2 protein chains.
Amino acid sequence: MNIETSLLVEIFRDITLPKEACNLIAEKFERISLKKGDTLLHANEIVHNQYYVCDGCLRTFFIDHSGKEHTLQFAIKDWWISDYTAFFTTSKAVMTIECIQDATVYKVSRTSMESLYDEIPQLETFFRKKMEKAFAAFQKRILSSLSFTARERYSSFINTYPFIEQSVKNYHIASYLGITTESLSRIRKEISQ
Amino acid sequence: MNIETSLLVEIFRDITLPKEACNLIAEKFERISLKKGDTLLHANEIVHNQYYVCDGCLRTFFIDHSGKEHTLQFAIKDWWISDYTAFFTTSKAVMTIECIQDATVYKVSRTSMESLYDEIPQLETFFRKKMEKAFAAFQKRILSSLSFTARERYSSFINTYPFIEQSVKNYHIASYLGITTESLSRIRKEISQ
DNA sequence: CAAAAAAATTGATGTAGGGTAATAAAAAAC
DNA sequence: GTTTTTTATTACCCTACATCAATTTTTTTG
């Protein structure tokens, strides 16, 4: 068994899994330990897996044609992370997943997911609901990039994700907000006064 | 029956539905005809429904504190539209859905969806996959807003959605790209030269 | 705890795109 | 088909944020 039942119960606490379901799931998960700075997924690799974050902090980022990094998302305890666009179609990653605080994650492949969906319909519902929340968060982010100033986006970020703010560098936050680290610094100064 | 089987077959052409499933679905759908300018959903209303666009063109937009409109998405033939963030939790819309070209849509409620998911598991898979695509599109849009200039976003938009470009006004496109109609005009001039 | 490296701040200046207003072109209404 | 309304363009000036270049602060390493 690759993951303890107690952890599975925690991951899927929104649904009640029969014991056999737990066993089915357990054998599909694999534990990975990561050090700060490790790369869990490189851009251009085929994406076979998604990861459940047990502890630590990771981020997915995109490197544009000029070499600049843009953070799409952070993930801390109890979040799932992958390059989902590529994961859903088992195609090449456009993003990189980097560990920014020593982390423990559990890996599960798309193939495993599909077979688990077949065998445990509750699981498909579980992930559909996760998906709905992630979709809503992305919608909110798009609207916020359309209608908020950099300062408003920063305030909204630290209010929405106070725990993430503590785990990441300012330049990570800047690259998430779509501004430079210098601009973020000026915004922080303004707010503190 | 509120929707013809032939149309259902078209909507769900990715999956093969048994006849009884078709009947179950058919009775949950309701046809709505819309004129240009009609509002299908007002901000602040509880969102009970999503809509399948049969023909015509609609958009969802958000009005910010200064009264400016920001287009989240357009929908043409064979797209689904709603304020999904609110739809998923049956809560209040933050956005408005407006018809921008005379349209025919089919309405289906969240409650109907949930009961259909129970009765027709293929349907949950169908919508999960739709969801995955929509999620990927949103991800692409966020990365594009982080890393592209207004001009690049415009080029990318007209390449990705040539059919939408034909159905909407330039100021709709501007509000989707996050720029003013004046800036879009300048960009168009630049490109045409 | 001293030295080196990484991260954050500050200042000076540049620029993409915004705001306002006037005009032109296209579409709708009569 | 002429008038009215809506949409798009252009010109001028402005602002939020970027870029570049030091400098300071914080963190890491030996």
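These figures come from a predicted structure and were not determined experimentally. Every chain is numbered from 1 and lettered A, B, ... according to where its sequence line falls, protein lines coming before strand lines.
- Counting to the nearest Å, the P atom of D:dC17 and the CD1 atom of A:I187 are 6 Å from each other.
- Spacing between atom CD of B:E152 and atom C1' of C:dG17 amounts to 14 Å, rounded to whole angstrom units.
- Between A:N170 and C:dA7 there is no side-chain polar atom (N or O) within less than 4.0 angstrom of OP1 or OP2.
- We find that B:K77 and B:E10 are joined by a salt bridge, their nearest charged nitrogen and carboxylate oxygen being less than 4.0 Å apart.
- Distances were taken from every side-chain heavy atom of A:Y171 (C-beta onward) to each of C:dA7, C:dG18, D:dC17; the shortest belongs to C:dA7.
- Between B:R188 and D:dA8 there is no side-chain polar atom (N or O) within less than 4.0 angstrom of OP1 or OP2.
- Classification of A:E132 and A:R128 as a salt-bridged pair holds, one side-chain N sitting under 4.0 Å from a carboxylate O.
- For D:dA16, neither phosphate oxygen OP1 nor OP2 lies less than 4.0 angstrom from any side-chain nitrogen or oxygen of A:T149.
- Taking atom CD of A:Q166 as the reference point, atom C1' of D:dT26 lies 18 Å away to the nearest angstrom.
- Side chain of B:S156 to backbone of B:E152: no donor-acceptor contact under 3.5 angstrom is found.
- Counting heavy atoms of neighbouring residues, nucleotides and ligands inside a 6.0 Å radius, atom NZ of B:K140 does not exceed 12 of them.
- At a threshold of 4.0 Å, the pair A:E69-A:R59 counts as salt-bridged, since one of the basic side-chain nitrogens sits closer than that to a carboxylate oxygen.
- Atom CZ in B:F148 sits about 17 Å away from atom P in D:dA18, given to the nearest Å.
- To the nearest angstrom, C1' of C:dT9 lies 15 Å from CD1 of A:I173.
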Using a cutoff of under 3.5 Å, can you pull out all pairs of nitrogen or oxygen atoms linking the protein to nucleotides 10-12 of chain C, with atom names and distances?
| unit_1 | atom_1 | unit_2 | atom_2 | d |
| --- | --- | --- | --- | --- |
| C:dG11 | N7 | A:R186 | NH2 | 3.3 |
| C:dG11 | O6 | A:R186 | NH2 | 2.7 |
| C:dA12 | N6 | A:R186 | NH2 | 3.3 |

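- Taking CG of A:L34 as the reference point, atom SG of A:C57 lies at 11.5 Å (rounded to 0.5 Å).
- Ion pair B:E114/B:R110 flagged as a salt bridge, since at least one NZ, NE, NH1 or NH2 atom sits closer than 4.0 Å to an Asp/Glu carboxylate oxygen.
- For the pair B:I191 CD1 and D:dT9 C1', the interatomic distance rounds to 15 Å; values are reported in whole Å.
- Taking atom CG of residue A:L184 and atom P of nucleotide D:dT19, one finds them 15 Å apart after rounding to whole Å.
- Summary of the strand contacts: A:R151 and A:K169 both lie near DNA chain D, and taking for each the nucleotide with the nearest heavy atom, the more 5' one is attributed to A:R151.
- Distances shown here put a side-chain N or O of A:K68 below 4.0 Å from the OP1 or OP2 atom of D:dT19.
- Remark: C1' of D:dA16 and CD of A:E190 are 10 Å apart, rounded to the nearest angstrom.
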